[in-house]
Amino acid sequence: MKLIIAMIQPHKLHDVKKALFEADVYKMTVTNALGCGQQKGYTETYRGVIHDVNLLKKVRLEIAVNEDFVQPTIDAIIRGARTGTIGDGKIFAIDIPDCIRIRTGERGNEAIG
Ligand SMILES: Nc1ncnc2c1ncn2[C@@H]1O[C@H](COP(=O)(O)OP(=O)(O)OP(=O)(O)O)[C@@H](O)[C@H]1O
Ligand SMILES: [Mg+2]
């Protein structure tokens with residue numbers, strides 16, 4: 001089981017959701033976030049001296065999936081989020097040892113799926 005965390009541009013959320021739906025991935029958590037990557041949050045149009053980081057609005061997606069769905073989920077996020085320009089986002093895939101559905105007590109693969 002993996003937890004896929006994706007930081008994407010907010011305006012790509014619709015496209016990413018559509019791509020995930022087409023890949024049969026429906027369960028997700030979506031949060032508004034602030035962040036910056038290797039440009040320190042400043043774009044190439046910034047003319048000043050950079051003393052610190054500039055936090056930009058991002059959307060954070062969290063999706064826990066069974067192994068079969070790891071690559072399809074990653075592919076769908078890329079399909080929906082990619083423009084080919086800086087700031088398109090980043091995906092982190094983390095191994096998770098367990099998942100528990102509170103209502104039924106199911107664990108692991110059954111609880112995720
Ligand atoms: N190493 C990191 N650790 C934690 N969060 C990160 C990391 N890299 C990127 N992020 C998050 O992902 C968001 C999008 O990153 P971004 O796409 O700008 O990555 P990048 O490495 O700068 O690539 P690019 O050069 O394509 O812009 C950031 O705003 C930040 O929230
Ligand atoms: Mg960047």
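This structure is a prediction, so every number in the text was calculated from the model and none was measured. Remember, it's 1-based here, ligands and their atoms both numbered in the order they're listed.
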If you scan protein heavy atoms around atom 13 (C) of ligand 1, the nearest is Met7 CB, 3.7 Å

Any donor-acceptor N/O pair, Lys27 side chain to Ile63 backbone, under 3.5 Å
no

*asked:* Could you go through Lys58 and Gln9, starting from their C-alpha distance and side-chain angles, then the distance that decides it, and tell me whether this counts as side chain to side chain contact (heavy atoms under 4.5 Å, CB included)?
replied: CA-CA 5 Å; Lys58 300 286 169 182; Gln9 295 281 22; 3.4 Å; yes

Original post:
Would you say Lys58 has any N or O atom under 3.5 Å from an N or O of ligand 1, going by distance alone?
Top reply: no

Atom 31 (O) of ligand 1 sits nearest the protein heavy atom Gly35 CA, 3.3 Å

Path from Val70 to Ile77 over hydrophobic side-chain contacts below 4.5 Å:
yes

The Mg ion (ligand 2) and Gln38: any N/O/S contact shorter than 2.8 Å?
no

Contact region, Leu56 to ligand 1, non-hydrogen atoms below 4.0 Å, reads neither

min-distance protein heavy atom vs atom 9 (C) of ligand 1 -> Lys90 CD, 3.6 Å

TODO: Decide whether Ile4 and Val59 are clustered together by the hydrophobic rule: side chain heavy atoms of Ile, Leu, Val, Met, Phe, Trp, Tyr closer than 4.5 Å, transitively.
DONE: yes

The single option from His11, Lys12, Lys17 that satisfies side-chain contact (heavy atoms from CB on, under 4.5 Å) with Asp15 is Lys12

Nearest non-hydrogen protein atom to atom 4 (C) of ligand 1, with distance, is Phe92 CZ, 3.9 Å

So CG of Leu56 and NZ of Lys40: to nearest 0.5 Å the spacing works out to 13.5 Å

So the atoms of ligand 1 within less than 4.0 Å of a heavy atom of Asp88 turn out to be 17 (O)

Note: Gln38, heavy atoms under 4.0 Å from ligand 1, region reported as both

Residue, atom and distance of the protein heavy atom nearest atom 30 (C) of ligand 1 read Cys36 O, 3.4 Å

- Establish whether Val30 and Phe69 are linked, either directly or via other cluster members, by ILVMFWY side-chain heavy-atom contacts under 4.5 Å. yes

Would you find a donor on one side and an acceptor on the other, under 3.5 Å apart, between the side chain of Asp98 and the backbone of Gly108? yes

Checking heavy-atom distances from atom 24 (P) of ligand 1 to each of Gly37, Gly87, Gly89, Ala81, the winner is Gly87

